[in-house]
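Values in this document were obtained by computation on a predicted structure and should not be read as measured data. First listed ligand is number 1; within each ligand, the first listed atom is number 1.
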Amino acid sequence: LHDPSQEKMCKPKTDIVFLKVHKSASSTVMNILFRFGEMHNLTFAFPVGGGFQLYYPHHFLAKFVQGFSPQSPRRFNILCHHMRFLQPEVQKVVPRSAVYFSILRNPVQLMESSFVYYKGASAFSRVRSLAEFLSQPYRYYSPTSGDRHYARNLMTFDFGFNPDGDSSPERVQLMLNAIEASFDFVLISEYFDESMVLLKEMLCWDLDSVVSFPLNSRDSSTKSPLPDDVVEKLKAWNRLDWEIYTHFNRTFWERIERRIGRERLRREVAALRARQAELARTCLQGTGSVAPKDIKDSSLRPLQHGGARILGYNLKQGLAGSWSAPAAAGDAGAAVQHTKKKKKKEVPYLCDQRQLVCLSTALTATGTSHTLSRDRSHRNGLWDQPYFSRPALLLESKAEPANQLG
Ligand SMILES: Nc1ncnc2c1ncn2[C@@H]1O[C@H](COP(=O)(O)OS(=O)(=O)O)[C@@H](OP(=O)(O)O)[C@H]1O
């Protein structure tokens, strides 16, 4: 049973590795980490050169992190950009105490999303539909092509394994054991709110730290339902991903039972949704996401990619405008730090807390990396221009449920 005294005793975790698995709601989670890191002055392991991926699809190497040097190995609080996981290298850039976690998505929905988003990838560029691709995958898919991972076992690949490896029970077991050994817990994007309750429990964070607006979501016009026979082919083609997903979906619900229990889960999910609705009323015009063409402030229009139409938000009057000013002012990060030093208690940020929360919740996190990686302190990136050029999106639909709680 939940023991509130226990909750008070735990210390919020600030050393974190998040494996940002593609097309699995990972941008929304990354945004939560950025906001938390920003508010608590944590350091981030950003990609060298101001990119937003750690030399993906190359396996991760410590030298891909800006500020890392083998002579004086510097440790960072949070590592959360797209990477292909390789634990011995990851361990060089984060403290030993770091908490490792990731998020998975049902491979059926994940591949449907990936197909549209990475329509330009070599395996997909010559077909009109996923059904056509799956009817003869080897006609279009080459295991030696450099972008093949977008078309098969993308989660397996991001965890560092061979997406074309065999799926014998022994090999699958080895892979699952390796993930279990490296990761403290794994979330499930179909149960995003439940995942956020588990996240805050595991990290000893408060509820407000895990409130979010969904980011990087497609408009329903670029989503297509898949017939049953295509779903079956897709599962067989992505067998390794299917094994990973079903295993961690099960352990997710076991962990929830063990750590939280159904009753508290239900209450906390309700509280989270109420906070999200409140934040939406404070921050957003209308009730949620809008098509890119309907976003009034062009600097808030999300990055559009492949065949996907990515939704965004209109922020309430006054919120976006007042943030552009410090962003345009050059060394905005330094300005914020300065302000923080001077007025720490009364005015923690240059803009008020409401603006900080609205913007840091409603904008995609990828742009932040450009900012923060340029800032020598690796802090205060919310204030720079690139952050404003890649804004946010809202999800309308839920993927197929597989709730082990029944
Ligand atoms: N909160 C929440 N709950 C459930 N699903 C969510 C959520 N936030 C984002 N999404 C969906 O995640 C998809 C984008 O995933 P990523 O951000 O990982 O994509 S990326 O690899 O970083 O481009 C994208 O899926 P598709 O819309 O099917 O493409 C988003 O809709």
Side-chain angles (χ1 to χ4, degrees), residues 18-34 47 51-54 56-57 80-84 101-121 130 147 149-151 154-155 157-159 186-199 210-226 234 241 249 269 272-273 275-277 279-280 288-289 291-292 302-313 361-369 390-402:
F18 171 56
L19 177 61
K20 188 179 187 299
V21 165
H22 285 78
K23 308 319 301 176
S24 65
S26 66
S27 303
T28 308
V29 176
M30 185 198 214
N31 183 272
I32 288 170
L33 296 174
F34 272 125
F52 53 84
Q53 307 200 10
L54 290 154
Y56 187 87
C80 62
H81 285 71
H82 281 306
M83 67 171 152
R84 191 170 184 206
F101 79 100
S102 186
I103 185 162
L104 302 175
R105 186 179 185 185
N106 185 319
V108 177
Q109 281 75 36
L110 186 144
M111 193 181 187
E112 192 274 323
S113 173
S114 170
F115 178 76
V116 177
Y117 202 79
Y118 301 110
K119 188 67 183 66
L130 201 45
D147 61 2
H149 48 282
Y150 294 121
L154 184 49
M155 295 191 282
F157 183 86
D158 286 357
F159 274 92
V186 175
L187 306 176
I188 299 291
S189 75
E190 280 76 23
Y191 303 102
F192 194 83
D193 293 341
E194 291 81 355
S195 289
M196 292 307 101
V197 171
L198 183 60
L199 181 67
V210 297
V211 177
S212 65
F213 299 141
L215 302 180
N216 219 3
S217 300
R218 277 175 304 148
D219 178 11
S220 54
S221 69
T222 54
K223 295 186 179 185
S224 32
L226 302 173
L234 190 155
D241 270 13
N249 188 22
V269 165
L272 182 69
R273 289 179 182 159
R275 284 298 283 147
Q276 192 205 39
L279 197 64
S289 60
L303 176 73
Q304 305 294 311
H305 196 75
R309 196 153 60 152
I310 304 291
L311 301 172
Y313 298 110
T361 306
L363 299 174
T364 46
T366 46
T368 316
S369 64
R390 307 247 181 134
L393 337 154
L394 185 63
L395 179 84
E396 305 280 359
S397 66
K398 286 241 165 205
E400 142 189 329

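- Here the CD1-SG distance, from I32 to C80, works out to 11.5 Å after rounding to the nearest 0.5 Å.
- Contact annotation for V21 and ligand 1: only backbone heavy atoms (N, CA, C, O) come within less than 4.0 Å of the ligand.
- Contact between E112 and ligand 1 is absent, with no heavy atom of the residue lying under 4.0 Å from the ligand.
- Looking at residues two or more places apart in sequence or on another chain, you find a side-chain contact (heavy atoms from CB on, under 4.5 Å) between A280 and F213, L284.
- Of all the heavy atoms of S189, the ones lying under 4.0 Å from any atom of ligand 1 belong exclusively to the backbone.
- Short contacts between ligand 1 and H22, defined as distances under 4.0 Å to a heavy atom of the residue, involve ligand atoms 18 (O), 21 (O).
- Using a cut-off of 4.0 Å between Lys/Arg side-chain N and Asp/Glu carboxylate O, E112 and R218 are scored as salt-bridged.
- Using a 4.0 Å cut-off between heavy atoms, K20 contacts ligand 1 through its side chain alone, with no backbone atom that close.
- Closest heavy-atom approach to atom 25 (O) of ligand 1 among the candidates M196, K23, R105, R218: R105.
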Between S189 and K23, does the side chain to side chain donor-acceptor pair (under 3.5 Å) criterion hold? Intermediate values first, please. CA-CA 10 Å; S189 75; K23 308 319 301 176; over 6 Å; no

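- The six-membered or imidazole ring of Y56 lies near that of H22, with a centre-to-centre distance under 6.0 Å.
- Counting the atoms of ligand 1 from 1 in the order shown, those under 4.0 Å from a heavy atom of S24 are 15 (O), 16 (P), 18 (O).
- Numbered from 1 in the order shown, with element, the atoms of ligand 1 that lie under 4.0 Å from a heavy atom of S26 read 16 (P), 17 (O), 18 (O), 22 (O).
- Formation of a donor-acceptor pair under 3.5 Å by the S102 side chain with backbone atoms of L19 is found in this model.
- At a heavy-atom cutoff of 4.0 Å, ligand 1 is contacted by the side chain of H82 but not by its backbone.
- A donor-acceptor contact shorter than 3.5 Å is absent between the side chain of Q53 and the backbone of H81.
- Not one N or O on the side chain of D241 forms a donor-acceptor pair closer than 3.5 Å with the backbone of P107.
- When Y118, Y150, F192 are checked for heavy-atom proximity to atom 2 (C) of ligand 1, F192 turns out nearest.
- Each of the atoms 25 (O), 26 (P), 28 (O), 29 (O) of ligand 1 lies under 4.0 Å from some heavy atom of S113.
- The shell of residues lying under 4.0 angstrom from ligand 1, judged by heavy atoms, excludes Q109.
- When only interatomic distances are considered, the shortest N/O to N/O separation between S27 and ligand 1 falls below 3.5 Å.
- Classification of the Y118-H305 ring pair by plane angle, with boundaries at 30° and 60°, yields perpendicular.
- Neither the backbone nor the side chain of E190 has any atom closer than 4.0 Å to an atom of ligand 1 (non-hydrogen atoms only).
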